[in-house]
Structures are given as structure tokens and as C-alpha cells.
Student: 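Handing you this structure, nothing more for now.
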Number of protein chains: 2
Amino acid sequence: MTPDPADLLLFARIVEAGSFVRAAERSQLPTSTLSRRLSALEEQLGERLLLRTTRTLTLTDFGAAVLEHARQIEQETAAAQALAEHRQQAPSGTLRVSMPNDFAAHLLAPMLAEYGQRYPEVQVLLDLSPGRVDLIAEGYDLVIRMGALPDDASLVARRIWNYCPGLYAAPAYLAQAGIPAHPADLEHHRLLCLLARSGDPVSWELQFGEERYTPQVAARLAVNSPDMLLRLAEQGLGIVGCSPVFAASRLESGRLQPVLPGWRLPMVTGWAVYPGRRLLPLKTRAFLELLEAFLSFAR
Amino acid sequence: MTPDPADLLLFARIVEAGSFVRAAERSQLPTSTLSRRLSALEEQLGERLLLRTTRTLTLTDFGAAVLEHARQIEQETAAAQALAEHRQQAPSGTLRVSMPNDFAAHLLAPMLAEYGQRYPEVQVLLDLSPGRVDLIAEGYDLVIRMGALPDDASLVARRIWNYCPGLYAAPAYLAQAGIPAHPADLEHHRLLCLLARSGDPVSWELQFGEERYTPQVAARLAVNSPDMLLRLAEQGLGIVGCSPVFAASRLESGRLQPVLPGWRLPMVTGWAVYPGRRLLPLKTRAFLELLEAFLSFAR
DNA sequence: AATCATTATTCCACCAATGGGACAATTCCA
DNA sequence: TGGAATTGTCCCATTGGTGGAATAATGATT
């Protein structure tokens, strides 16, 4: 059996302190423990390390040889602790984040800039692939996804954002197909739908305050990229349902305009998913905090 | 509080094994312990080291940083153990021995040669000062002394040799002063006495089998070196009492001859004194074994 | 020389860590 | 698709180690 490195560490401390009692004071341990542990270590190694008198401790030359290794152990444990403490104060390392492309482009660009400036020691690796990634297997620290969250017990999902998509279309399209006055009118329109990952069709369950209405329509086109969806709507392909935030720039420039204002699609929730509930790396915690701060503005 | 190096070592083992179960098998520990200890370590360091799924373990980049130090600790403990095991097989280091000059010259020269040849890794430091040395304070591994042994509880004395001094004188001296036929005759002779360390006079309590006789004489000369004593006797200064072994060479060459053959002085015991009762360094144990082997020949 | 202060060791009641088992979850295999 | 095997975590009775106090012993001091 290999010796307990903790005992070797204690041995180093005893030698440094020069006596059992001083080592006990520094280590916050009773002298009895030190005495017992050292004896056990000697027993295990099969040779004495220290010759002890009540007044003096002298190293065996075997003890001197072992002491070198014991000091190394002491130094390495201290290094490990220092590493941890440094982490506690300044986030560092590599942060691997995966999030939808549009989410990053429309909402997170300034936030990412701020994060990079505030924590220069963290290297951010941003993945914008739309598909879900295996958080742990692929080594991601954080994954942001819209809609359905993965029910993985080892993962923790945190609600970071939500929105109720509104309906938007290009003025040219509305001039040609007419402006709907009620959800029921949508049955005669071309609807552009965001393709859910699960592949099942999205129901257009519209609501306006307490009032609800679900037109019996099928989407004419489904894409898995909100940005592409908006671009298609801009080209006059139909009516799109998406977040007001995403549509904002096109609304301002007049390339899109609201349809059935006040009516909203069901709430979509954005989740931040990360492994484990506690002991989150500081870099991740910092990212989440900054994320929430920015999203509370964008709400 | 600094982390427990034993936990860091376990962490390294888990990473090497690739799973908790395999690490448990190798370490002869239950998986529950490994799981708990690793969690405790993470708790203490404040950040996760391993992301665990039932099927895969992946290192955090913090974990990767800590792992380096953990591996060092593993290596150092192994080195310490190897050191001990190597000691078990091949004595090494420095052996500090103190013994009387004459004891070394007449009895131990071949034994020391044999020891040096058999254990080349041991550097022997031989002290031939006649006075008693403080075993522990001066760092001696072994002290050989003739006569009274120190009653020190922390020291262990082992009887290694004993002899009954005989009487010897130079032929020239005997021709001049006459050959004693009975111990009582010694009262008219010059007696050369070995100076005891305590300084008190040595009584010439002669015995021959069961017969005892103590001539009322005082030594004319006292020296604390048996060899010098013999040399003085050789010069015809008087009758000396010393070990037959010490006198052997001079008896063979005829420079000395026995006086009152059969009569002997009281037994003198030689002691080997060393610190502690068990866990004797192998170099010391080897020395003692060889010592006893040689002295059993010289008896 | 004798006493005192200091130090390492020993003893024993007690507590915390252990480890065997059950459990939940996941991946592999048919 | 469904079981089977494997894996990490949790639970709780049990044990080994802990730590406070007494003991033995040593070196300095008066």
C-alpha cells in the first residue's frame, strides 16, 4: 500500500516547525494526532524518519531523503489550492458556449463584447450550430436553447428569457394579399413557420389578452432559422411569427410591418443549460450574470 | 484550509482509471468513498473537476490544471515509497558509528572492510574518540562501548561481546622483576591499568575458575587506551591486563608473554547502543548482524 | 543537585468517515 | 423497442481515527 500523502505532508510540517507542538499549532491539530500519524507513517515505510527526544528532533538521513518528496507534496497541494483561489477571484480558462445564431446576433453581440472586455483571461468559444449539442460529451460549459428544454437530470436549465412572437409581413405582401383583421383571416394567408427541432408542426394558437383563437392553418414554409424566416417575409413570401426583438430593425426601416397587432403566439422560453447545479465555474457564473443583466434590458 | 493531498491523489487515480469503479478496484476502495471524497474536494476547491455521466467522465479545464499537481503528488508519494522499499533491499545513506579505537583496530578492521564491500551505498563515518558521545544529539546511528552501559531509556543496548582480560608483560620486564607465581606476588609489581571513564580506580579482582584473589595494589600507570597500554607493556613498563585478542599479535611475535596464565580479570562486556527499539534503519541492522557474525568468530 | 517548565507519547470516550447495499439513470445489445 | 448491464450517488449502521487530558521524560534554571 502506498503511504498516505497527507502523512508525508504532516511530516514536512513537523520538520519545518521543528517540534510537534508548533506544528500542531500551525496545522490546527492536536499533538497526539501528529505523533500517531508520524508513527504510523514510519511503521508503513519501515524505518524511522525522526529521532525524537522531548527537547530535540533530529532527522534520520532516510528522513532527509523522504523530506524532499514530502516538501514537493506540500508545494503541490499549495499550488492546487492557489489555482482554485485564483479561479475564485478572476475567471479564466476557456468558456465553450453554444447558442442559436440569431440569438447571438440580435441580442448578445454587445454582451459578448462586454464579457470579453471584463474577463480578458477567458477565451470564449462560441458555437452557433442550430442543432442541440451534447453538453457534457462535447465539453460545453453553457448551452442556450429556445423552446423545449432537454429534461436531463444531470443538467440544470435556467429560464433566461421569454417572448411572445408577434406576426409580421412585408408591406408589399399585405398590399397584395390584404391585411387580416382577425386571426380567422389567416386561413387565407401564407404562413411562414419556424421549424421546431422535434419536427412536429407548430400550432398557431394566437392570443390577445384573455382572448384566444387558433386558426386551422398549416405553415406554407418552415425553416429552422429565424433570421432566414424574416428575410423570406421581407421578400413578401408571407406572414411570419417571431420575436419583436428580432423583427425590430426591419420594422423601423419599414421593410416589415406588424400584422394583427396585439395578437401574440404562445410564449417561447429561452433556457440556459449547464451541467451540475452548484460549483459552477466562475467564468460560467459571470457569463450567466452578464447574460441576465443584458436580457433584462432587452425585455 | 489546504486541500487533502490524499484526495488529490484519488482524483488523479480516477482520471487515470477513466471511471470510478475501475479506480475503486485499483485502489481497493468502495466507489462510494471515491465519489464522496471527490465531491468534497470539489467543494473545497470551489469548482468542479470532473463532469460525470454514468458512462463518461470528462475533465473540466480547471480539472486539467489541478490534475497536473495531482499527478505530481502521486509521483512523489510513489517516490517516497520506492525510497523505503529500496532501503529495505539495499542499505544506503550514511552510517555514523562510534567505537573505541582499539576495538576497531583489532577486531573490526576486516568486518568494516566486509561491510563496505557488501553495502557500497553506505558511507561509514567512524568515530574513534574514547569518550562517550551523545547518541541522538550528535546523530550517531550506533555506538559501541566497553564496560558500563548508559542507562538511557530511549536507547537500546545490545550485548555484543565480552571477554575476561588476561595479564601480560614483556619478557625483558619479567626477567628483571621476576615471574609472579600467585596473584599475591603482584603487590611487588608495576601494574598498568586501563583508565575507566568514571575515573575511579579499577580493582584487580583476579579469578581462576572458582578461585578468587584481589591483591592490594594500586596501578602505577593508567591510560585510557588499551593499545597504548600494550605498547607501554611492550617497552617493559609493567604488567598489563587486557583482552587476549588485543594482545594476540604481540604474544605471537614474543614481544609479550602471559603472566599468571589461567588467572583472569572480571568480565568486561561490550555493548552496542542505538536509539529506539524497533524500526532500526537497515544499514544499522546490517552492521549489527555483521558485527555479531565477526565477533562470534573472535570469541 | 534539585526543581520546574516544556515536550512527545499514551490512553480512552466519542465522533465522523467508511463501505456495503439500494437506487436512479444511462448506454449497450438483442 | 425493451431489457440488461454498468455506473455514480445516496443512505445508514459500524468502525477506525480523532482529540483532550494524563503520563513520562528531558533539558534548563535556580
Side-chain angles (χ1 to χ4, degrees), chain A residues 1 3-4 6-7 9-11 13-15 17-44 48-60 63 134-138 150-156 275-279, chain B residues 1 3-4 6-7 9-11 13-15 17-44 48-60 63 134-138 150-156 275-279:
Chain A
M1 189 67 66
D4 187 343
D7 291 346
L9 189 145
L10 287 182
F11 166 56
R13 293 227 182 113
I14 292 170
V15 173
S19 86
F20 280 66
V21 278
R22 258 167 301 181
E25 287 172 6
R26 295 186 196 175
S27 304
Q28 307 255 21
L29 284 172
T31 61
S32 51
T33 297
L34 289 186
S35 176
R36 213 170 341 96
R37 296 283 284 274
L38 186 67
S39 296
L41 180 62
E42 289 177 328
E43 188 78 28
Q44 191 170 26
R48 307 209 71 166
L49 298 165
L50 282 175
L51 298 179
R52 330 199 234 301
T53 307
T54 54
R55 269 327 212 236
T56 45
L57 293 181
T58 53
L59 266 176
T60 305
D134 187 333
L135 201 74
I136 292 178
E138 296 184 38
D151 58 342
D152 186 323
S154 72
L155 302 179
V156 173
R277 55 200 144 238
R278 55 192 174 166
L279 289 182
Chain B
M1 189 65 65
D4 187 343
D7 291 346
L9 189 145
L10 287 182
F11 166 55
R13 292 226 182 114
I14 292 170
V15 173
S19 86
F20 280 64
V21 181
R22 258 167 300 180
E25 286 173 5
R26 295 186 196 174
S27 305
Q28 308 255 23
L29 284 173
T31 61
S32 49
T33 297
L34 289 186
S35 176
R36 213 171 338 97
R37 295 283 282 275
L38 186 67
S39 296
L41 180 61
E42 289 176 328
E43 188 78 29
Q44 192 169 26
R48 306 210 70 164
L49 297 165
L50 283 174
L51 297 179
R52 329 199 233 303
T53 307
T54 54
R55 255 352 200 222
T56 46
L57 292 180
T58 53
L59 267 176
T60 306
D134 189 337
L135 202 75
I136 292 179
E138 299 189 39
D151 58 346
D152 187 331
S154 73
L155 300 179
V156 173
R277 56 202 143 231
R278 56 191 173 169
L279 288 181

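Per chain, numbering begins at 1; letters A, B, ... match sequence-line order.
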Student: Would you indicate whether the side-chain heavy atoms of A:L38 and A:R52 approach each other to under 4.5 Å?
Tutor: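 Yes, close enough: below the 4.5 Å cut-off.
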Student: Whole-Å distance between C:dA8 P and A:E42 CD?
Tutor: 13 Å
Student: Got A:L59 and A:L49 here, is their nearest side-chain heavy-atom distance under 4.5 Å?
Tutor: no
Student: Counting C-beta onward and ignoring hydrogens, is there a side-chain heavy-atom pair between A:L10 and A:L34 closer than 4.5 Å?
Tutor: yes
Student: Is the phosphate of C:dG19, meaning OP1 or OP2, less than 4.0 Å from a side-chain N or O of B:T33?
Tutor: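 For C:dG19, OP1/OP2 do have a side-chain N/O of B:T33 under 4.0 Å.
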Student: Counting only side-chain heavy atoms from C-beta out, which of D:dG17, D:dC11, C:dA5 sits nearest to A:R36?
Tutor: D:dG17
Student: D:dG16 P sits how many Å from A:E43 CD, rounded?
Tutor: 17 Å
Student: Rounded to whole angstrom units, what separation is found between the CZ atom of B:R37 and the P atom of D:dC10?
Tutor: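 Distance, rounded to whole Å: 17 Å.
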Student: Of the nucleotides C:dT9, D:dG8, C:dT10, which one has an atom closest to the side chain of B:R52?
Tutor: D:dG8
Student: Without decimals, in angstroms, what is the distance between B:L34 CG and D:dC10 P?
Tutor: 14 Å
Student: Can you tell me if A:T31 uses its side chain to pair, donor with acceptor, with the backbone of A:F20 under 3.5 Å?
Tutor: no
Student: When the distance from CG of B:D4 to P of D:dG17 is rounded to whole Å, what number comes out?
Tutor: 14 Å
Student: Does any part of the side chain of B:Q44, heavy atoms only, come nearer than 4.5 Å to the side chain of B:D4, both counted from C-beta?
Tutor: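 Result no, sub-4.5 Å side-chain heavy-atom pair not found.
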Student: Compare the minimum distances between each of C:dG20, C:dC11, D:dG27 and the side chain of A:T53, then state the nucleotide with the smallest one.
Tutor: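 Closest nucleotide to the A:T53 side chain: D:dG27.
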Student: If only side-chain N and O atoms of A:R55 are considered, is one of them under 4.0 Å from the OP1 or OP2 phosphate oxygen of D:dA25?
Tutor: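 So the side chain of A:R55 is outside the cut-off, no N or O lying under 4.0 Å from OP1 or OP2 of D:dA25.
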Student: Among residues 19-30 of chain B, which ones have heavy-atom contacts with DNA chain D below 4.0 Å?
Tutor: B:S19, B:F20, B:V21
